[in-house]
A.B. asks: 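Here it is, the structure in full.
What you are looking at is a predicted structure, and each value in this text was computed from that prediction instead of being measured.
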There are 2 protein chains.
Amino acid sequence: MLSMKKETRKQEIIRVASKLFKNKGYSAVTMRDVAKAMDMKAASLYNHINSKQAILQDIILNIAEEFTSGMAMVLAKDNSNVERLNALIALHVRIAVENPEGLAALNTDWMHLEEKLDYYLQLRNDYENNFRNIIANGIENNQIKSIDVEVILFSMLSTLRSLYLWLPKKGTVNQKDLTESLAQILIEGINK
Amino acid sequence: MLSMKKETRKQEIIRVASKLFKNKGYSAVTMRDVAKAMDMKAASLYNHINSKQAILQDIILNIAEEFTSGMAMVLAKDNSNVERLNALIALHVRIAVENPEGLAALNTDWMHLEEKLDYYLQLRNDYENNFRNIIANGIENNQIKSIDVEVILFSMLSTLRSLYLWLPKKGTVNQKDLTESLAQILIEGINK
DNA sequence: TCCACAAACTAACGTTTGTTAGTTTGATTA
DNA sequence: TAATCAAACTAACAAACGTTAGTTTGTGGA
């Protein structure tokens, strides 16, 4: 009976809210907007959630922690640096396919986290440091071209972090194909 | 006496506002925030600008039109497709260095354009189509690897559009070096 | 049948929002 | 000196904001 649980009303509100957040951003979405999308009155939302801010925290921190544990699994395996980069590409694709709306909130509304802002920034910073170390290690060991580490890092992260933006356009995505195409482009380049 | 004009009060407000928009987003910035940053009262802003919305339009449309004319210049020259991609990388770097705050508004707040939204989307769509055609042409002529055109397009655009995010971290940037590193990564890849 | 409880409701609150109207100030020009 | 004008001000507005309090409704178990 694994994963047969029905979505609670709270989870439903958070899911609907994250869809609205994706379109207009956290600040431009009102509790009355969320309520209308749920077909109820704004005050009724508070039977299920504590505050607007709590919705944002739930959305963003769940994903941030998913990235953190994903990175931990990548580092746990004894793979080459390039294989690790491939695994990270797959991680980003998987999360983007599963929850593009949540990723939108994470990418564009993280600065509206209040009490949890520092915690989020810590997770993001740790993640970037781990990513950076893999690239730097690859350069040291002559597996990756000797280009500015920061430029490589942010070039890869920019693409991977923007996946949520154009992934929905493609209807049902073949996750494996997309991962392979991205790996090809990000690692081997496009020049023939 | 070229380019000796002093910044008008209106331009100053728009510049200050775009800096605030970059940090918190258009919706989360109030006219009183802008006023405080200008060291005046909110009502006084209206001696110089017509509305909050007009500020956003000024910021975004100026940049969008700069991309449009930049693309036109790239297409005007009789270059190879790969050379054209290089020129577009240089275009994005140049605009990002000149006006990272404005680019932030364009990338994250374009959906809050009201009357001008359709016009903006038309410019963006045209730009993407031109970019896409260059890549498709390169594949047809065997200059670019035969990978899904959409994946290549959005991989490149994601990186170029995110430049404003991490460019300020690097202090004074050597525009030429950055352009070359990016071209290397985006076109030749990072694998050795 | 009665009770409990989840989940909706109405009504209202204090605050903040973008914006307008009318006024004052201080420097430049006639 | 008097007139002009850009650019600031004070005061206020109606609307929208997140949220709270207290109440009603409908369903399932004792």
A.B. asks: Quick check for you: to the nearest 0.5 Å, what is the distance between A:S44 atom OG and A:D39 atom CG?
C.D. replies: 10.5 Å
A.B. asks: Quick one: which protein N/O atoms are closer than 3.5 Å to N/O atoms of nucleotides 24-28 of chain D? Pair and distance per line, please.
C.D. replies:
none

A.B. asks: Please tell me which of the listed nucleotides, C:dA8, D:dG18, D:dC9, lies nearest to the side chain of A:M40?
C.D. replies: C:dA8
A.B. asks: Does either side chain, that of A:E115 or that of A:Q53, offer a donor lying less than 3.5 Å from an acceptor on the other one?
C.D. replies: no
A.B. asks: Reckon B:S44 has a side-chain N or O less than 4.0 Å from the OP1 or OP2 of D:dC9?
C.D. replies: yes
A.B. asks: Counting only side-chain nitrogens and oxygens, does A:H48 get under 4.0 Å of the OP1 or OP2 atom of C:dA6?
C.D. replies: no
A.B. asks: Measuring from A:M156:CE to A:L182:CG, what's the distance to the nearest 0.5 Å?
C.D. replies: 9.0 Å
A.B. asks: Starting from P on D:dG18, measure out to CG on A:L45 and report it in whole angstrom.
C.D. replies: 10 Å
A.B. asks: Check whether NZ of the Lys or CZ of the Arg A:K52 lies under 6.0 Å from the centre of the six-membered ring of A:Y46 and within 45 degrees of that ring's axis.
C.D. replies: no
A.B. asks: How many Å lie between NZ on B:K36 and P on D:dC9, as a whole number?
C.D. replies: 13 Å
A.B. asks: Measure the distance from NZ on B:K41 to P on C:dT25 and round it to the nearest whole Å.
C.D. replies: 15 Å
A.B. asks: Between B:D39 (CG) and D:dA8 (P), how many Å, whole number?
C.D. replies: 10 Å
A.B. asks: Report yes or no: do A:D58 and A:N62 form a side-chain donor-acceptor pair below 3.5 Å?
C.D. replies: yes
A.B. asks: Just distance, no hydrogens or angles: give the donor-acceptor pairs under 3.5 Å from side chains in residues 80-92 of chain A, sequence neighbours left out.
C.D. replies:
residue, atom, partner, partner atom, Å
A:S80, OG, A:E83, N, 3.1
A:S80, OG, A:E83, OE1, 3.2
A:N81, ND2, A:Q143, OE1, 2.9
A:E83, OE1, A:S80, N, 2.9
A:R84, NH2, A:L75, O, 3.2
A:R84, NH2, A:K77, O, 3.0
A:N86, ND2, A:V82, O, 3.2
A:H92, NE2, A:Y127, OH, 2.8

A.B. asks: Could you tell me, to 10°, how much the axis swings from one end of the helix from C:dT1-D:dA30 to C:dA30-D:dT1 to the other, five pairs per end?
C.D. replies: 0°
A.B. asks: Side chains of B:T159 and A:T159: is there a donor and an acceptor less than 3.5 Å apart?
C.D. replies: yes
A.B. asks: Roughly how far apart are B:Q122 CD and B:R124 CZ, rounded to 0.5 Å?
C.D. replies: 12.5 Å
A.B. asks: Are A:Y119 and A:E65 close enough that a side-chain donor and a side-chain acceptor fall under 3.5 Å?
C.D. replies: yes
A.B. asks: Got a sec, which pairs hit salt bridge (charged side-chain N to carboxylate O under 4.0 Å, His left out) with one end in residues 128-140 of chain B, sequence neighbours left out?
C.D. replies: B:E128-B:R161, B:R132-B:E150
A.B. asks: I need the CZ-P distance between B:R9 and C:dA27, as an integer number of Å.
C.D. replies: 15 Å
A.B. asks: To the nearest angstrom, how far is A:I13 atom CD1 from C:dA6 atom P?
C.D. replies: 15 Å
A.B. asks: Could you check which residues of residues 14-21 of chain A get a heavy atom under 4.0 Å from DNA chain C? Sort them by number, please.
C.D. replies: none
A.B. asks: When we call it a touch if two heavy atoms are under 4.0 Å apart, what does A:V34 touch: a base, just sugar-phosphate, or nothing?
C.D. replies: nothing
A.B. asks: Which distance, rounded to the nearest 0.5 Å, do you find between the CG of A:L20 and the NZ of A:K36?
C.D. replies: 12.0 Å
A.B. asks: How close or far is atom P of C:dA7 from atom CD of A:E12, stated in whole angstroms?
C.D. replies: 11 Å
A.B. asks: Just the table, please: protein N/O against nucleotides 19-22 of chain C N/O, every pair under 3.5 Å.
C.D. replies:
residue, atom, partner, partner atom, Å
C:dT19, OP2, B:Y46, OH, 2.5
C:dT19, OP2, B:K52, N, 2.9
C:dT19, O5', B:Y46, OH, 3.3

A.B. asks: Measure the distance from NZ on B:K10 to P on D:dA8 and round it to the nearest whole Å.
C.D. replies: 15 Å
A.B. asks: Considering non-hydrogen atoms only, spot the tightest contact between B:L103 and B:A96 and give its length.
C.D. replies: CD1-CA, 3.4 Å
A.B. asks: Does B:R15 offer a backbone N or O that forms a donor-acceptor pair with the side chain of B:S18 under 3.5 Å?
C.D. replies: yes
A.B. asks: Supply the atom-to-atom distance A:D33 CG to A:N23 CG, rounded to the nearest 0.5 angstrom.
C.D. replies: 11.0 Å
